[in-house]
Amino acid sequence: MRDTEESPEEEVADISARLLGWYDRHAREMPWRVGPADRRAGVRPDPYRVWLSEIMLQQTTVAAVRSYFRRFTERWPDVGALAAAEDAEVMAEWAGLGYYARARNLLRGARAVVADHGGRFPETRDGLLTLPGVGPYTAAAVAAIAFDEPATVVDGNVERVVARLFRVETPLPAAKPALTRLAAAITPQERPGDHAQAMMDLGATICTPRKPVCSLCPLGPDCAARRDGLEVELPRKAPKAVKPVREGTLWIAVRADGALLLETRPETGMLGGMLGWPGTDWDRSGGPTDPPIAADWRATGVEVRHTFSHFHLRLSVLLAEVAQEAVPARGSFVPHERFRPSSLPTVMQKAWNVAAAAIRHPRGEARLD
DNA sequence: CACGCGTGGGG
DNA sequence: TCCCCAAGCGT
């Protein structure tokens with residue numbers, strides 16, 4: 001081998017060094033993160049906070065997570081406190097963040113840590129994998145960041161960075177195993193947590209999906225996609241299915257004392273376990289289509305539009321005032337003073353906004369989507 | 001293994 | 001206005 005050629009081991013070491021050097025200078029500040037300087041001074045992140053943040057960050061942006069993380073940790077500062085929380089309180093606090101199965105699994109996970117692990121998180125990737133809601137990504141991330149295990153962390157950012165770095169042209173998701181192997185090859189034994197966070201920061205700020213800023217990239221000299229002008233093309237992805245449009249109706253009943261008729265949705269399915277307005281099914285499967293309570297229902301005249309992960313929804317919102325003695329067939333009345341729209345999933349908040357506007361301005365028309 | 005599962009921001 | 005996307009997991 002000539003002096004000008006690097007061995008694969010040397011190239012891997014260079015990539016790792018360049019990446020960590022960049023991270024030392026550009027690590028983003030996050031409430032759950034111990035920065036590289038503090039980390040090397042021996043400060044260790046709290047596994048509870050790392051775990052909580054990683055669950056929240058699944059398919060969710062850092063910007064969206066920040067305020068939720070702050071509220072959760074103020075209200076439930078450790079895993080024992082969270083394990084002891086009421087289900088409804090946790091679901092209400094999660095409202096608006098989406099993918100509500102995460103909140104149900106979060107509680108199950110907290111309770112498993114308390115019941116099965118003496119209140120301490122498992123310290124290995126394999127141990128963490130046994131927790132509900134913790135899959136390959138989250139287990140590796142917590143093991144690396146909180147416990148210094150040189151586990152390979154592969155999320156959407158890492159897939160993109162590695163696909164470009166090594167010019168992997170196989171489309172996702174078929175390329176995932178190969179990308180995982182390549183990601184493992186550049187995972188260092190030292191500072192694995194910082195390495196993982198550096199890869200994700202790089203993907204989020206430099207090696208972005210649409211317009212990567214290769215001129216600022218610490219791995220520019222190493223990147224095969226950039227060398228070949230393929231950085232925007234990679235990673236290739238299988239085409240996505242078109243979202244169908246579905247329709248439904250929500251009924252919002254206001255009792256004479258101002259109480260509102262709400263119901264807790266079934267644990268499984270859309271918005272599972274969340275509070276919401278009674279309504280029809282959204283898949284026209286022939287479920288109940290009767291109003292939840294007898295009343296003189298009137299249309300608000302405003303269609304609520306909302307897009308979920310796999311379909312568009314158009315909702316009619318019906319409104320009625322009901323007598324104090326009225327007994328609902330579904331759901332239960334929540335006192336006016338105890339109702340907080342922020343405890344509802346976003347689509348239900350939109351419907352409430354329409355109803356509230358209709359209550360304030362009976363002839364008015366507003367448009368929400 | 002393919003699909004179900006939210007939401008908000010950016011281009 | 002739309003489409004794309006974001007630190008995935010469970011089934």
Side-chain angles (χ1 to χ4, degrees), chain A residues 27-28 30-33 49-69 91 94-106 108-109 128-142 144-145 151-161 172-174 176-177 180 183 193 195-205 207-212 232 235 237-246 265-274 276 282-283 305-313 342 344-350 367 369:
Chain A
R28 291 194 289 171
M30 300 179 196
W32 50 85
R33 176 178 279 183
R49 294 166 66 89
V50 175
W51 165 76
L52 176 61
S53 68
E54 292 298 347
I55 300 291
M56 288 182 166
L57 286 163
Q58 290 167 6
Q59 296 289 284
T60 308
T61 58
V62 169
V65 163
R66 286 183 188 276
S67 65
Y68 283 85
F69 180 83
M91 300 311 287
W94 195 276
L97 196 56
Y99 284 142
Y100 298 101
R102 293 184 295 172
R104 301 193 300 272
N105 287 329
L106 185 81
R108 292 175 53 210
L128 289 158
L129 265 179
T130 66
L131 298 176
V134 175
Y137 162 76
T138 305
V142 175
I145 296 168
T152 302
V153 175
V154 184
D155 73 333
N157 288 304
V158 174
E159 288 176 352
R160 187 170 57 256
V161 169
L172 284 165
K176 173 105 181 185
T180 299
H195 170 84
Q197 293 174 99
M199 289 286 283
M200 295 187 283
D201 276 17
L202 188 71
T205 62
C207 195
T208 56
R210 310 284 193 102
K211 292 172 40 165
V232 179
K237 296 196 174 182
K240 301 196 172 173
V242 178
K243 291 176 179 167
V245 177
R246 297 183 185 176
R265 300 175 60 85
E267 287 286 305
T268 58
M270 289 296 302
L271 313 179
M274 298 300 291
W282 299 336
D283 52 12
R305 295 187 180 204
H306 191 76
T307 298
F308 292 107
S309 55
H310 55 298
F311 63 93
H312 302 287
L313 181 62
S342 64
L344 302 179
T346 299
V347 65
M348 298 294 175
Q349 292 184 33
K350 287 185 183 179
R367 164 125 189 166
D369 50 22

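Letters A, B, ... are given to chains in the order of the sequence lines, protein chains preceding strands, and every chain is numbered from 1.
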A:His306/A:Phe308 under ring pair (Phe, Tyr, Trp, His ring centres under 6.0 Å): CA gap, chis, key distance, verdict
CA-CA 7 Å; A:His306 191 76; A:Phe308 292 107; 4.8 Å; yes
Whole-Å distance between [N] [atom2] and [X] [atom1]?
X        : N      : atom1 : atom2 : answer
A:Gln59  : C:dC5  : CD    : C1'   : 9 Å
A:Arg102 : B:dG4  : CZ    : C1'   : 14 Å
A:Lys176 : C:dG8  : NZ    : C1'   : 8 Å
A:Arg210 : B:dG11 : CZ    : C1'   : 6 Å
A:Tyr68  : B:dG8  : OH    : P     : 7 Å
A:His312 : C:dC2  : NE2   : C1'   : 8 Å
A:Arg66  : B:dG9  : CZ    : C1'   : 15 Å
A:Gln349 : B:dG8  : CD    : P     : 8 Å

Is the phosphate of [N], meaning OP1 or OP2, less than 4.0 Å from a side-chain N or O of [X]?
X        : N     : answer
A:Thr61  : B:dT7 : no
A:Lys243 : C:dC3 : no
A:His310 : B:dC5 : yes
A:Thr346 : B:dG8 : yes
A:Tyr99  : C:dA6 : no
A:His306 : B:dT7 : yes

Q. Cut-off 3.5 Å, side chains only: do A:Tyr137 and A:Gln58 have a donor facing an acceptor?
A.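 The answer is no; no qualifying pair exists.
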If we only count heavy atoms from C-beta on, is the A:Tyr68 to A:Thr60 side-chain gap below 4.5 Å?
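No, side chains not in contact.
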Original post:
With a 4.5 Å heavy-atom cut-off, do A:Asp201 and A:Arg33 have their side chains touching?
Top reply: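 With C-beta onward as the side chain, the pair touches.
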Is there a donor-acceptor pair closer than 3.5 Å between any side-chain N or O of A:Arg102 and the backbone N or O of A:Leu97?
yes
Given [options], which nucleotide is nearest the side-chain atoms of [X]?
X        : options              : result
A:Arg160 : B:dT7, B:dC5, C:dA6  : C:dA6
A:Tyr100 : C:dC9, B:dT7, B:dG4  : B:dT7
A:Asn105 : B:dG6, C:dG8, C:dG10 : C:dG10
A:Thr138 : C:dG8, B:dT7, B:dC5  : C:dG8

> Hey, which of A:Val154, A:Val158, A:Val153 is the one that makes side-chain contact (heavy atoms from CB on, under 4.5 Å) with A:Thr180?
Replying inline: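 It is A:Val154; the other options fail the test.
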Problem - Whole-Å P distance, B:dG8 and C:dC9 - result: 22 Å
Select base, sugar-phosphate, or nothing to describe what [X] touches, counting heavy atoms under 4.0 Å on all strands.
X        : value
A:Val62  : base
A:Arg104 : nothing
A:Met30  : base
A:Leu97  : base
A:Gly269 : sugar-phosphate

Task: Residue whose closest nucleotide on DNA chain C lies nearer the 5' end, A:Thr208 versus A:Leu129 - done: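 Mapping each residue to its closest nucleotide by heavy atoms, the 5'-most match is A:Thr208.
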Closest to the 5' end of DNA chain C, once A:Gly133 and A:Glu54 are matched to their nearest nucleotides, is A:Glu54
**Request:** Would you check, one step at a time, whether the test side-chain contact (heavy atoms from CB on, under 4.5 Å) holds for A:Trp51 with A:Val134?
**Result:** CA-CA 9 Å; A:Trp51 165 76; A:Val134 175; 3.8 Å; yes
* **Base B:dG6 to side chain A:Thr60, donor-acceptor N/O within 3.5 Å cut-off** =>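 Donor-acceptor pair under 3.5 Å: yes.
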5'-most contact on DNA chain B (nearest-nucleotide basis), A:Lys211 vs A:Gly96, goes to A:Gly96
How do A:Met270 and A:Pro173 order along DNA chain B: which one's closest nucleotide is nearer the 5' end?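 Result: A:Pro173.
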Taking a pair to mean Watson-Crick or G-U wobble geometry with both distances below 3.5 Å, C:dC3 pairs with B:dG10
